[in-house]
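Accompanying notes for the structure given below.
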Amino acid sequence: MKDKFRALLVSYVEMIGRFVDSISVKRNSNRVVAAGICLSFAFMALVFINWNLFMNPATDPWGHWVFAAACALVAVIALVTCFHVSVGEKYQRKFYTVLFFLMPVVSMQMVECYNGNFLWVFSPQTFFMNYFAYLLLYVVIFFISSRFRFTILLVNVVLYLFGMANFFVELFRGTPIVPMDVFSVGTGLNVAAGYTFTLSWQVIMATMMFVIILALNRQMVNIRPQLRRSKIIVRAVALAYVLIIASTVYGSDVLADHGFKPDFWNQSRGYHNSGVWYNFCLNTKYVHISAPDGYSSNDVEKIVDETVSSVDPNTDDNTSINLLTGEDNYTPTGQKPNIIAIMNETFSDPASLGNLQTTEDYLPFYHSLTENTIKGTLTVPVFGAGTSNSEYEFLTGNSISSLPAGSSVYESYIKSAQPSLVSTLSDQGYSKTAFHPYFADGWNRPNVYKEMGFERFVSMSDLIDPTIVDEYKETNDDATFISEVEAKYPGENMLLRRFVSDSYDMKKVTEMYEQRDTSKPFFLFNVTMQNHGGYDKSYSNFTEDVHITNMMGYYPKAERYLSLLKQSDKALQELITYFSNVSEPTVIVMFGDHQASIENGFYEELYGKSTDDLTAEEEQTRYHTPFMIWANYDIPEATVNDISANYLSTLLLQTAGLEMTDYNKYLAALYQQVPVITTVGYKGADGKVYDYDDKDSPYASAVLGYDCLMYNNLLDTKNRDWNLFTVTGQPMANATDVKGTTDSASKSDSAASSSTSELQTAS
C-alpha cells in the first residue's frame, strides 16, 4: 500500500513538473508594456494622491491594510499588463477551464470592493452561495456564446457597472438596488443628475480589480468545444445548472426556510453582510406574484356580496356583521373617539405556550384589565422578526399568507397609494400621525407611510439629537450612544438598554395628544422599540428582575426578555391611567408584532417537545401575541382567543363605532368562517387548522376569494375596485394607479424625498 501511494505521489509530482515546464512567461510588446506601465503609474498616483480616502476614520483601524491592498493591486496590474503567461497546448484546455471556474471568485471580489468587503469576511456558507450566484451568470452567457473570453468580458462589464450603480444608489438614497428599481430606472437617472459624484476608495479598488480581470481575460485562450458531442454535453451541463438553481430559488422555499433570504428590514445590512450580487439575485424571487386561480377584477365585488350573504342571507344594507357576535346588527354610532394604535415590539406572553412560573407576574396590569376591555390572543404572520408584516396586516386588513415566504410587503410591493386604516380614518376627518422611536428608514416606512396617507412621521431623530443618532447609525456603538444620550438628556431616562423605553414612548404619545389639532379627532399609530431583539448581554441602565423558577434549563435571554415585558406592562399602565382621566372618548388598541427570538430550548421546554415535532395547532401558537382594545368609556367586554392580525383593525373600527369600508364589512363576515389566517395555515370555524394546499377544506373557496380581494387591493392597482376599499368609494387623494387613468406608479425620488421630509416633522 505504501509503495502504491508513493508511486501515485511521484506521478502527480512529475505531472505538476511537466505542467510547470510547459509554462512560459514572455514580455509583451513594447507598446503594450508602455501602456501597462503608464496605467500602473496612473493608478499609483491616484492611490497616493487620494491616500486620505483609505486612511480615514471610517476605515480605522484597518485603513492601512486597505491602502496596502490598493498598492498590491497596482503591482498586479503592472505584472498582468507587461507580461504574458502561456501554457503548453497539452494542458491548455484543463488549465483555462479551471481558470474559468475561478474567475467568479475574482468577479465577486471586484463587486465586493464597492461594498467595502473582502471575501475572507464571509462564512463558508455565504461564500459558496455567492459563488453559485456569480457562476450562474457566467454559465448563462457561456451557454449562449460557448466562448471563455467573451463570457468573462461581458459578465464582468455587467458586474462592474452593476456594482458601481449599486454603490452610488446606496450613497444617494441610503438603500441598495433591488430588482423593483428596474421599473423606475428612468426616474433614477433623472434624479442622479442632481447629485455630486465623488471618488472613494471603493471605486478605485473596484476599478483596479476590473482592469486586472480584463488583462487576465486578454491572456485567456478561447477554449471552445470542437466536437458536436462535446458541444451538446457542455451546453446540457450548463442548462442543467441553470435549471437546478432556478428551480431551487424560484420553485421552492428551501433557501428561505434555511435563512437564505434578503434582510428585508435593512437591505443595506444584508447586502454588506452577505454580498451584493447574491442579495440582488435573492430579491428577484419576490418581484412577481401570479394572480390567484380564476381571478378577475370584475368579480371582486361579487366575492364580497357572496361572502357577506353566506354568513347572513338577510343582511340589511344599513348594517353589517358584528365581528364579535356574528349578528347582522352593527351600525356606526356617529361618535368619533380618539384612536391610539400601538404595535408593541416583541410583546408576547410566553406563559400562554406552557407551564411557566416566575418570581413575579411580568404582565400584572395587562392581566388585570377587564373593564371596558376586549382582549385575547392575536395570531400574527411572523415569528422572531418581520415587524412590518404584522404592521401591514393590521393597517390594511390584508394577509401576507398569499405572498412568497420571506417577503416584505413594505420593501417589495407597496409602490403607490395603499388603502388602509389610515385612509379609512382620514375619510372621517381624523388627523394621521405615525410614530416609531427608531431609525426612520427601516422597512422603507417613510415611503410606505406616505402611500398609506399618514401626514406626519415622528422617528428617533425627532426625539434625540440627529447628530447622535447619525453617529450611532454609522458606528453601531451602543455604549457610546447610551452615554451620549444620557449626557445630552440628563434625568430623562429615554433609553432602556440601547432602545427608547416604552415608558418614554408612552410619554411622547400623551404629549402628541396634548399638542394635537383639536379641530379633528386624533389618530396615532405607534410602533414601539424597547423589547427589540438582542437579549445576549446586560446593560447598566436595565434591571433584570424577573426570573424563571420552574424550568430545568438556564435561559438568560428569556429572563432578560421577561424583565423587559414587565417594563412594557408598567408603561401600558401609565398610558391607560393618563387616558382614564381624559374627558374625550378615546380608544386604545395594543398588540405584539411577534414572539421573541430567544433560546429555542426555552420554547421546547414550554412545549415539552422539540419545535420540529409540533402539530399544526401547536405550530400556530408560535405566532400568538396578546392584544387589547380599551376605551375610557363603556364598550362591550370580551375575550377573543381566535383572531389574526388582518381582522384587528376591523374589530377596532366596530368597537369605536366608526364607518367601515365594504372591505371591512367583508372581513367581519369572513371572520365568521375563517377566524385565523396566517402563514402556516388557517383555522376554520370548526376549530381545525388547514393547510393552504388542502383542496378538501370546507373553507378553501372562502380563502381563495380572500386571495383575489387582496390581489386586487395590493397588486392589481390599475384595476383596484376603490368602491370596496375606501369609505367614500373614491380613490385616495394621492392615488395614481386608478382604473382609467395614466399609470404613474413610479414617482420621482425627488417627490418622494419631499414627501418624506413632510412626514418626518419634528415632534
Would you find a donor on one side and an acceptor on the other, under 3.5 Å apart, between the side chain of Gln109 and the backbone of Leu119? yes
Just wondering, do Tyr134 and Leu159 contact through their side chains at under 4.5 Å, heavy atoms? yes
Non-hydrogen atoms of Tyr138 and Thr151 that approach each other most closely: O-CG2, 3.3 Å
Side-chain donor/acceptor of Asn117 to backbone N/O of Glu112, under 3.5 Å: no
Side-chain contact, heavy-atom cut-off 4.5 Å: Val448 with Tyr392? no
Distance-only polar pair, side chains of Tyr623 and Thr679, donor-acceptor under 3.5 Å: no
Using the rule side chain to side chain contact (heavy atoms under 4.5 Å, CB included), only one of Ile212, Leu216, Thr81 pairs with Val76; which is it? Ile212
Parallel, tilted or perpendicular: ring planes of Phe100 versus Phe142, cut at 30 and 60 degrees: tilted
Is the shortest side-chain heavy-atom distance between Tyr603 and Gln595 below 4.5 Å? yes
Name the orientation class of the two ring planes belonging to Phe499 and His532 (parallel below 30°, tilted from 30 to 60°, perpendicular beyond 60°). tilted
Strictly below 4.0 Å, N to O, side chains only: are Asp477 and Arg498 in salt-bridge contact? no
Taking the side chain from Thr475 and the backbone from Glu471, do they hold a donor-acceptor pair closer than 3.5 Å? yes
Do we get Arg622 above Phe383's six-membered ring, with its NZ or CZ under 6.0 Å from the centre and within 45° of the axis? yes
Flag this pair as yes if the NZ/CZ of Lys557 is under 6.0 angstrom from the six-membered ring centre of Phe602 and inside a 45 degree cone about the axis; otherwise no. no
